[in-house]
Asks: 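Before I ask anything, let me first share the structure, which is written out below as structure tokens.
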Amino acid sequence: MSCLAHGVKIVEQSCRGCVNCIKSCPTEAMRVIEGKVRILSEICIACGECLRRCPHRALLLEEDEWDYILSKRPMTLVTDPSFCTQFSWPPIPELMTQALFELNFEPIFDEYEAAYDVTALAVARAIESYSDNLKPLISTYCPAVVRLIQIKFHELIPHLVQVESPLETSIDLWRARSKRRDPVTLVSSCPARIAMVRSPVGRDISSAEFAISTSKLAREVLIGSGDPSKKVSVDYPFRAPRWIAWAKTGGESMHVRSFSSRPIKTLEVDGLRNVINLFQEMELGKLRGIDYVEARVCDLGCIGGIGNAESRFLSRIKIDNMKIDFNFNEENREKLESIYDAKIWSLREKIVPIEQMPLGEDLAKAMERLKQLHAVYADLPHLDCGTCGRPSCRVMAEDIVKGEGSLDDCIFRLKERIADLSKEIYDLSKRLVHTMTPEGKS
């Protein structure tokens, strides 16, 4: 199995072995071994829950070195739409362009409208063309959602719409228009998008070369350029392009509905636990009649990403206060149709399951180890306390069978063994050698 990037950096010297992270991981990809956290890359979905739970900053976004990015300026940037909501001024791309140009960065916002429009158009047409037994279709915009389905919900993979992220599409459009091959840095609000650069899904290599966090660039903007709204005049009332709405839950669905030739039923859900519950219901066939599911693992959508600087609640207010027009301008229809026909929006490769590590090299060996696993699990306390450094007793049993742990890692089994050894030592201490007799006896 190839090693997947997970977008999370471990700072070992800061880890206290508190096991907060392992209890929050939805795929049980975290371990705490010898007091230090470890991540199983092959089953990590890069959701960022472990970063939210770590009180010691032992887990950080695995972004590229900021000094290196600065040394490469002028640097072309592609930012998540949530980046525009990180400041006190309105989330207007013209203002962000001004601020970034002053820092010798070149954002490619001009390509976003076409990229997000063609993405919404492709999804709308997929909904119209797919058979009812493959509905609801599921958005592929959130990389953590895609990886969650690849790992835990294999039956839902055919429901994933085969449409590329508009962030990748915007880079492809920019390269096609400008004929430039300069490196591009993705500004990410979460580890999942950073992982998308390192290990993309649906294509062999990402169009972006580097990745940094939204909070890092936002801090640089605040320090270096000040408030651009005082330097650039903008129309009032403030208007925002359609792609800004994708930063919050529901924005994608509104965009898709605006391109549909018939009324479609969409369902929007955010928050990791809610997404998991929804997929469980979907596997049971409880979502009949729904055409499209927009799922985001972060609360309120991408504005809730762990890599953001601004409160997700304030970001939502800023977007809600903007006037966003989802009525498509027919004048650009011909241009959009040509982009659609070029299939630039389509995933290059099929999305496939990420298989779990097998218990054995062949079926016979796997069945033998499965029997051992059940026997070991029966000997464990079934408390899922996490003190062994694993998220559950079943995971502990799996690690023991694989040779990656022992029963003594369980504190309760260890206490029982210590008690048994103590009793044995006590019993032995009362025994005398045969050549000696108790005092006072001949």
Asks: Between D172 and R348 (salt bridge meaning N to carboxylate O under 4.0 Å), is one present in this structure?
Replies: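 Yes, this pair counts.
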
Asks: Where is the tightest heavy-atom contact between P81 and Y141, given as atom of each residue plus distance?
Replies: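 For P81 and Y141, the tightest heavy-atom pair comes out as CD-OH, 3.5 Å.
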
Asks: Under a 4.0 Å threshold between the charged nitrogen and the carboxylate oxygen, would D64 count as salt-bridged to K72?
Replies: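 Salt bridge absent between K72 and D64.
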
Asks: Testing the basics here: between G7 and P191, what is the closest heavy-atom pair and its distance to 0.1 Å?
Replies: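 It is O-CB, 3.4 Å.
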
Asks: Using the side chain to side chain contact (heavy atoms under 4.5 Å, CB included) rule, pick out the option among V146, V201, V145, T119 that qualifies with T140.
Replies: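 Testing each of V146, V201, V145, T119 against T140, the sole residue satisfying side chain to side chain contact (heavy atoms under 4.5 Å, CB included) is V146.
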
Asks: Closer than 3.5 angstrom, by distance alone: can the side chain of D291 be matched with the main-chain N or O of K265 as a donor-acceptor pair?
Replies: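 Answer holds: yes.
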
Asks: Which atoms form the tightest heavy-atom contact between E294 and G250, and what is the distance?
Replies: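 Taking E294 first and G250 second, the nearest heavy atoms are OE2-N, 2.7 Å.
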
Asks: Less than 4.5 Å apart, side chain to side chain, heavy atoms only: is that true for E106 and P74?
Replies: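 No - every pair of side-chain heavy atoms lies 4.5 Å or more apart.
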
Asks: Other residues, nucleotides and ligands only: do more than 12 of their heavy atoms fall within 6.0 Å of CZ on R288?
Replies: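 No - once you tally the heavy atoms of other residues, nucleotides and ligands closer than 6.0 Å, there are 12 at most.
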
Asks: Between E252 and R296, does any side-chain N to carboxylate O distance fall below 4.0 Å?
Replies: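 Yes.
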
Asks: Any chance the side chains of S406 and D408 put a donor and an acceptor closer than 3.5 Å?
Replies: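 Side chains of S406 and D408: no pair found under 3.5 Å.
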
Asks: Looking at CD1 of I290 and NZ of K135, how far apart are the two atoms once the value is rounded to the nearest 0.5 Å?
Replies: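 Those atoms lie 11.5 Å apart.
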
Asks: Considering only NZ, NE, NH1 and NH2 on the basic side and carboxylate oxygens on the acidic side, decide whether E209 and R175 come within less than 4.0 Å.
Replies: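 Looking at R175 together with E209, the answer is yes, because their closest N to O distance falls below 4.0 Å.
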
Asks: Mind checking whether H382 and Y377 have parallel, tilted or perpendicular rings, split at 30° and 60°?
Replies: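 Because their plane-to-plane angle is under 30°, the rings of H382 and Y377 count as parallel.
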
Asks: Charged N to carboxylate O under 4.0 angstrom, R413 versus E416?
Replies: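 Yes, R413 and E416 are salt-bridged.
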
Asks: For S213 and E63, does a side-chain donor sit closer than 3.5 Å to a side-chain acceptor?
Replies: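 Yes, side-chain donor-acceptor contact under 3.5 Å.
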
Asks: Output yes when K248 and D320 qualify as a salt bridge under the 4.0 Å nitrogen-oxygen rule, no when they do not.
Replies: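 A salt bridge is present here (some side-chain N lies under 4.0 Å from a carboxylate O).
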
Asks: For the pair E404 and R31, find out whether any cationic side-chain nitrogen is under 4.0 Å from an anionic carboxylate oxygen.
Replies: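 Not counted as a salt bridge, because no side-chain N and carboxylate O are separated by less than 4.0 Å.
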
Asks: If you round to the nearest 0.5 Å, how far is CD1 of I354 from CD1 of I151?
Replies: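 Interatomic distance, I151 CD1 to I354 CD1, rounded to 0.5 Å: 4.5 Å.
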
Asks: Can you check whether L103's main-chain N or O pairs, donor with acceptor, with R73's side chain at less than 3.5 Å?
Replies: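 Answer holds: yes.
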
Asks: So does K216 get a backbone contact from the side chain of R219, meaning a donor-acceptor N/O pair under 3.5 Å?
Replies: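 Answer holds: no.
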
Asks: Are W174 and V184 packed together at the side-chain level, in the sense that at least one heavy-atom pair is separated by less than 4.5 angstrom?
Replies: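 The answer is yes, as the side chains (C-beta and beyond) meet within the 4.5 Å cut-off.
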
Asks: Taking atom SG of C54 and atom CG of L60, what is their separation to the nearest 0.5 Å?
Replies: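 Separation between the atoms: 8.0 Å.
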
Asks: Donor-acceptor pair, R203 side chain versus I205 backbone, under 3.5 Å?
Replies: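 Yes; judged by distance alone, with no hydrogens or angles, the pair exists.
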
Asks: Let me see the working for R52 and S24 under side chain to side chain donor-acceptor pair (under 3.5 Å), right down to the final yes or no.
Replies: CA-CA 9 Å; R52 301 179 196 276; S24 65; over 6 Å; no

Asks: Does I43 offer a backbone N or O that forms a donor-acceptor pair with the side chain of T27 under 3.5 Å?
Replies: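 Answer holds: yes.
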
Asks: Locate the shortest heavy-atom distance separating P166 from A115; write the atom from each residue and the value.
Replies: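 Closest pair (atom of P166, atom of A115, distance): O-CB, 3.5 Å.
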
Asks: Using 30° and 60° as the class boundaries, would you call the ring planes of F326 and H255 parallel, tilted or perpendicular?
Replies: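 Judged by the thresholds at 30° and 60°, the geometry between F326 and H255 is perpendicular.
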
Asks: Look at the side chain of D384 and the backbone N and O of C393, then say whether any donor-acceptor pair between them is shorter than 3.5 Å.
Replies: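 Yes, because the side chain of D384 sits within donor-acceptor range (under 3.5 Å) of the backbone of C393.
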
Asks: Can you check whether T214's main-chain N or O pairs, donor with acceptor, with S189's side chain at less than 3.5 Å?
Replies: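 Here the side-chain-to-backbone pair does not exist.
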
Asks: Determine the interplanar angle of the F83 and F87 rings, folded into 0 to 90°, and report it as parallel if under 30°, tilted if 30 to 60°, perpendicular if over 60°.
Replies: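 Rings of F83 and F87: perpendicular, over 60°.
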
Asks: Using atom types as modelled and distance alone, determine if a side-chain donor or acceptor of R181 lies under 3.5 Å from a backbone N or O of K179.
Replies: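 Checking the backbone N and O of K179 against the side chain of R181, no donor-acceptor pair under 3.5 Å is found.
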
Asks: Looking only at atom types and distance, does a side-chain atom of S71 sit under 3.5 Å from a main-chain N or O of Y68, one as donor and one as acceptor?
Replies: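 Checking the backbone N and O of Y68 against the side chain of S71, a donor-acceptor pair under 3.5 Å is found.
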
Asks: Flag yes if more than 12 heavy atoms outside K9 fall under 6.0 Å of its NZ atom; otherwise flag no.
Replies: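 At most 12 heavy atoms, drawn from other residues, nucleotides or ligands, come within 6.0 Å of this atom.
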
Asks: Does H6 use its side chain to pair, donor to acceptor, with the backbone of V8 at less than 3.5 Å?
Replies: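 Side chain of H6 to backbone of V8: a pair is present.
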
Asks: Which heavy atom in P183 sits nearest to a heavy atom in M75, and how many Å separate them?
Replies: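 Closest approach of P183 to M75: O-SD, 3.5 Å.
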
Asks: Anything under 30° is parallel, anything over 60° is perpendicular, the rest tilted; go ahead and classify W345 against Y340.
Replies: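 It falls in the parallel class, under 30°.
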
Asks: Would R369 and E398 pass as an ion pair if we require N to O under 4.0 Å?
Replies: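 No, R369 and E398 are not salt-bridged.
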
Asks: Taking atom types as modelled and ignoring hydrogens, do the side chains of Q162 and S346 form a donor-acceptor contact shorter than 3.5 angstrom?
Replies: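 Side chains of Q162 and S346: no pair found under 3.5 Å.
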
Asks: Would you compute the distance between atom CD1 of I39 and atom SG of C50 and round it to the nearest 0.5 angstrom?
Replies: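 The distance works out to 5.5 Å.
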
Asks: Has R125 got its NZ or CZ under 6.0 Å from the middle of the six-membered ring of Y292, at an angle within 45 degrees of the ring axis?
Replies: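 Geometry flag: not set, cation outside 6.0 Å or 45°.
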
Asks: Under 4.5 Å between any side-chain heavy atoms of E310 and K318, yes or no?
Replies: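 Counting from C-beta outward, E310 and K318 do come under 4.5 Å.
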
Asks: If you look at every heavy atom in E168 and A208, which pair is closest and at what distance?
Replies: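 Of all heavy-atom pairs spanning E168 and A208, the closest is OE1-N, 4.2 Å.
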
Asks: Any chance you could lay out the salt bridge (charged side-chain N to carboxylate O under 4.0 Å, His left out) test for E12 and R38, step after step, and finish with the verdict?
Replies: CA-CA 9 Å; E12 289 199 357; R38 298 289 181 268; 3.2 Å; yes

